[in-house]
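Quick note on labels: first sequence line is chain A, next is B, and so on, each numbered from 1.
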2 protein chains.
Amino acid sequence: MKGEALKGHLDLLILAVLQAGPLHGYAAIEALRRNSGGVFNLPEGTIYPALHRLELGGLLASQWSEHEGRRRRVYRLTRSGRAALSCDIEQWATFARAVAAVVGATG
Amino acid sequence: MKGEALKGHLDLLILAVLQAGPLHGYAAIEALRRNSGGVFNLPEGTIYPALHRLELGGLLASQWSEHEGRRRRVYRLTRSGRAALSCDIEQWATFARAVAAVVGATG
DNA sequence: CTTATTACCTAGTATAGCTAGGTATGAAAG
DNA sequence: CTTTCATACCTAGCTATACTAGGTAATAAG
């Protein structure tokens, strides 16, 4: 993936990956990589600030937990988060359709 | 369209809209609006600098012309531009598929 | 005792699209 | 004739956001 492709779509991806159930940051990175077939291999410096931003915005809620001596911060979608996800999915569909229309247009 | 959705995809859109034939900047804005069904209503401050950047990069070539007393700068795809467009289309397909996979994944 | 993996964090940087302002012509409205 | 609207171009500066590059810390393997 080239540089700026994600801009404006990262929130959608994070909310989407948390739709299946709560995850901690590191696991979210792996889930995104796996679910995208390796296309989204996001650095931690991308994910962690985004998770904080989303929590601050009330779309996620977090809880510290312990697993084999390592602390984890587990995030889950809030009600607002689920609503935002629906909205973002629709917006994405609109965007993707519009791009396809422009690319496909021959005249 | 919300804020940053276009980031990293604008070049594709501009190259794509010029695929059908040369256009000047203002006409490119209208073509993008029309072809996208009104989704891409881009301000001039977005298009003009992008056209300049693409020309500087050798993907576009421009030529001044006159039409009913108004000067126009008409842009056309170069050979490199056509190659870049093919590449961008493929990249877009990869990106869109990956987003769809993440959004569609339920587990 | 070093390296790798897991797991978190953030200050600063880069970039690209957008805002908001400007110039100028021709046509229509008043 | 003056104002407004549409056409047509331009750019300095703002802002948002993903990323770079650095840091901390625990466990396990070599």
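Between the NZ atom of A/Lys7 and the C1' atom of C/dG17 there is a distance of 9 Å, rounded to whole Å. With rounding to whole Å, A/His9 atom NE2 is found 10 Å from D/dA18 atom P. Taking atom CG of A/Leu12 as the reference point, atom P of D/dT17 lies 14 Å away to the nearest angstrom. B/His24 has its NE2 atom 9 Å from the P atom of D/dT7, to the nearest Å. Following rounding to the nearest Å, A/Leu6 (CG) and D/dT17 (C1') show an atom-to-atom distance of 10 Å. Spacing between atom CD1 of B/Ile29 and atom C1' of D/dT7 amounts to 11 Å, rounded to whole angstrom units. One can place CZ of A/Arg72 at 13 Å from P of D/dT27, the figure rounded to the nearest angstrom. Atom CD1 of A/Ile47 and atom P of C/dC8 are 11 Å apart (whole Å).
Counting non-hydrogen atoms of neighbouring residues, nucleotides and ligands closer than 6.0 angstrom, the CD atom of A/Glu90 reaches no more than 12 such neighbours. Atom CD of B/Gln63 has 12 or fewer neighbouring heavy atoms from other residues, nucleotides or ligands inside a 6.0 Å radius.
Checking D/dA18, C/dT10, D/dT11 against the side-chain heavy atoms of A/Tyr48 singles out C/dT10 as nearest. The listed nucleotides are C/dT10, C/dC18, D/dA16; the one nearest the side chain of B/Glu4 is D/dA16. The listed nucleotides are C/dT15, C/dC8, D/dC9; the one nearest the side chain of A/Glu44 is C/dC8. You'll find that the side chain of A/Pro43 is closest to D/dC19, out of C/dT15, D/dA8, D/dC19. You'll find that the side chain of A/Thr46 is closest to D/dA18, out of D/dT11, D/dA18, D/dC9.
OP1 or OP2 of D/dT7 has at least one side-chain nitrogen or oxygen of B/Tyr26 nearer than 4.0 Å. The phosphate of C/dC8 (OP1 or OP2) has no side-chain N or O of A/Arg73 nearer than 4.0 angstrom.
Each of A/Arg71 and A/Leu42 lies near DNA chain D, and the nucleotide nearest A/Leu42 is the one positioned closer to the 5' end.
The aromatic rings of B/Phe95 and A/Phe40 stand perpendicular to each other, their planes meeting at an angle above 60°, with 30° marking the opposite boundary. Between A/His52 and A/Tyr75, the ring planes lie tilted relative to each other; the angle falls in the 30° to 60° range.
Residue B/Arg70 is classed as a base contact, given a heavy-atom separation below 4.0 Å to a base. If you check every strand for non-hydrogen atoms under 4.0 Å, A/Gly45 touches a base.
No donor-acceptor pair closer than 3.5 Å links the side chain of A/Ser62 to the backbone N or O of A/Arg73.
Interatomic distance, A/Asn41 CG to A/Glu30 CD, rounded to the nearest 0.5 Å: 10.0 Å. With values rounded to the nearest 0.5 angstrom, A/Ile29 atom CD1 is found 8.5 Å from A/Leu51 atom CG.
Under the side chain to side chain contact (heavy atoms under 4.5 Å, CB included) criterion, B/Asp11 pairs with B/Arg53, B/Leu54, B/Asp88, not counting sequence neighbours.
Near-neighbour residues of DNA chain D inside residues 50-68 of chain A, defined by a heavy atom below 4.0 Å, number-ordered: A/Arg53, A/Glu68.
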